[in-house]
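Just follow the structure's listing: the first ligand is 1, and inside any ligand the first atom is 1.
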Amino acid sequence: MTAEALARDLAALLGPAAAGRVFANEPMDRRTTFRVGGPADAFVSPASTLEIAAVLRFCRERGVPLTLLGNGSNVVVSDRGIRGAVLALGEDFARIEEGERGEGFREVHAQAGARLAVLAAFAGRLGLSGLEALSGIPGTVGGALRMNAGAYEHCMQEVVVRTEALDADGTAHAVEGAAHRFGYRASVFEDRGLIAARTTVRLAVDDPKRIAERTADYGQRRRASQPLDLPSAGSVFRRPPGHYAGRLIEEAGLKGVSLGGAQVSPKHAGFIVNAGGATAADVRDLMEQVRRTVEQRTGVRLEPEILFLGEW
Ligand SMILES: Cc1cc2nc3c(=O)[nH]c(=O)nc-3n(C[C@H](O)[C@H](O)[C@H](O)COP(=O)(O)OP(=O)(O)OC[C@H]3O[C@@H](n4cnc5c(N)ncnc54)[C@H](O)[C@@H]3O)c2cc1C
């Protein structure tokens with residue numbers, strides 16, 4: 001099936017309301033924060049759980065490979081792109097609502113396509129604390145759940161109480177508390193291939209002014225230490241037990257080293273940035289060079305935190 005035919009069938013499946021939400025041969029460098037990667041055959045951005053389920057069933061019945069994407073801030077898409085359909089949960093699926101209130105806390109519900117920063121700002125305005133440290137992570141709620149995203153000793157696990165998810169058949173599942181199986185950049189969504197559709201976070205009642213101050217402070221720390229002016233996917237390697245990847249890379253003399261358009265950030269050696277015109281192959285090859293050099297020098301084997309999508 002051609003990319004055009006696949007996109008046409010997906011648009012027909014979702015009906016007239018899908019106008020502007022289904023694309024053929026969509027360049028993935030526009031849809032990922034690294035700004036690298038070739039086209040996805042079909043790119044679809046559902047606006048409801050029913051639409052997500054319909055796309056899942058369609059792909060399963062037709063044998064179309066399906067790749068799930070949020071804001072594309074933790075991925076490298078190959079230069080050859082992605083075959084089949086990309087199901088992207090973003091601003092078309094991003095409702096945030098106030099939930100139940102209790103003694104000293106309040107719940108907030110967010111659809112998976114909502115940006116974490118928008119959810120944090122929503123909570124802050126209501127005087128609800130718990131997301132300040134995570135507010136600078138440039139992902140969606142769905143991507144943050146899958147990765148158990150975290151920063152400054154805080155992570156999603158601390159606030160998430162319940163998630164409505166879909167399996168590959170489009171069947172709904174409720175994931176409660178410990179069943180999220182959160183670990184270091186790991187969760188049940190990865191283990192069981194579940195798609196998070198809507199989550200509920202429980203946040204502590206606090207003074208909006210103090211929440212705003214803490215959020216600003218975390219933002220300042222991030223701007224001071226991270227190369228936010230250049231495209232990247234954040235830290236490329238997981239934290240090895242007992243070490244910091246960035247420090248090992250710096251000690252191996254690799255800070256600022258380039259390969260093609262990819263560079264180990266001179267500001268933070270844990271980041272690889274697209275310094276201009278990088279290809280996905282540049283990023284992958286530089287990661288491999290860093291990995292080899294660090295292992296030779298220190299014996300520590302770095303494991304990627306970022307995920308590789310598409311045809312490599
Ligand atoms: C400048 C910068 C700073 C960063 N800082 C941090 C940081 O401090 N801490 C941190 O943890 N990360 C950080 N990251 C990495 C990234 O932002 C997080 O991992 C984020 O949670 C990814 O969310 P996303 O929506 O972009 O997911 P994507 O990159 O689109 O996808 C990541 C994974 O999540 C899956 N996924 C997406 N949506 C769903 C869903 N609804 N249900 C199930 N699975 C889903 C995808 O299939 C994929 O496997 C940073 C990235 C950048 C560019």
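- Contact annotation: L194 has at least one heavy atom less than 4.0 Å from an atom of ligand 1.
- When non-hydrogen atoms are compared, ligand 1 lies under 4.0 Å from the backbone of T140 as well as from its side chain.
- Each of the following atoms of ligand 1 lies closer than 4.0 Å to a heavy atom of M147: 19 (O).
- With respect to R202 and E158, no salt bridge is recorded, no charged nitrogen being found less than 4.0 Å from a carboxylate O.
- Contact atoms of ligand 1 toward L307: 33 (C), 48 (C), 49 (O) (distance under 4.0 Å to a heavy atom of the residue).
- Short contacts between ligand 1 and A151, defined as distances under 4.0 Å to a heavy atom of the residue, involve ligand atoms 8 (O).
- In this structure a side-chain-to-backbone donor-acceptor pair under 3.5 Å is present from D207 to K209.
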With a 3.5 Å cut-off and sequence neighbours excluded, list the donor-acceptor pairs that the side chains of residues 132-145 form with protein atoms.
{"residue": "E132", "atom": "OE1", "partner": "S129", "partner atom": "OG", "Å": "3.4"}
{"residue": "E132", "atom": "OE1", "partner": "G130", "partner atom": "N", "Å": "2.7"}
{"residue": "E132", "atom": "OE2", "partner": "S129", "partner atom": "OG", "Å": "2.8"}
{"residue": "E132", "atom": "OE2", "partner": "R214", "partner atom": "NE", "Å": "3.1"}
{"residue": "E132", "atom": "OE2", "partner": "R214", "partner atom": "NH2", "Å": "2.9"}
{"residue": "S135", "atom": "OG", "partner": "E132", "partner atom": "O", "Å": "2.8"}
{"residue": "T140", "atom": "OG1", "partner": "G143", "partner atom": "N", "Å": "3.0"}

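- Residue contacts with ligand 1 include R222, since one or more of its heavy atoms lies under 4.0 Å from the ligand.
- Other residues sharing a hydrophobic cluster with V55 under the 4.5 Å side-chain heavy-atom criterion for ILVMFWY residues are M1, L6, L10, L13, L14, V22, V44, I52, L56, F58, V64, L66, L68, L87, L89, F93, L166, I195.
- Contacts between S232 and ligand 1 below 4.0 angstrom, taking non-hydrogen atoms only, involve backbone and side chain alike.
- With salt bridges taken as basic N to acidic carboxylate O contacts below 4.0 Å, one links R162 and E107.
- The L228 neighbourhood of ligand 1 comprises atoms 1 (C), with distances under 4.0 Å to a heavy atom of that residue.
- In this structure, N148 contributes its side chain and M156 its backbone to a donor-acceptor pair below 3.5 Å.
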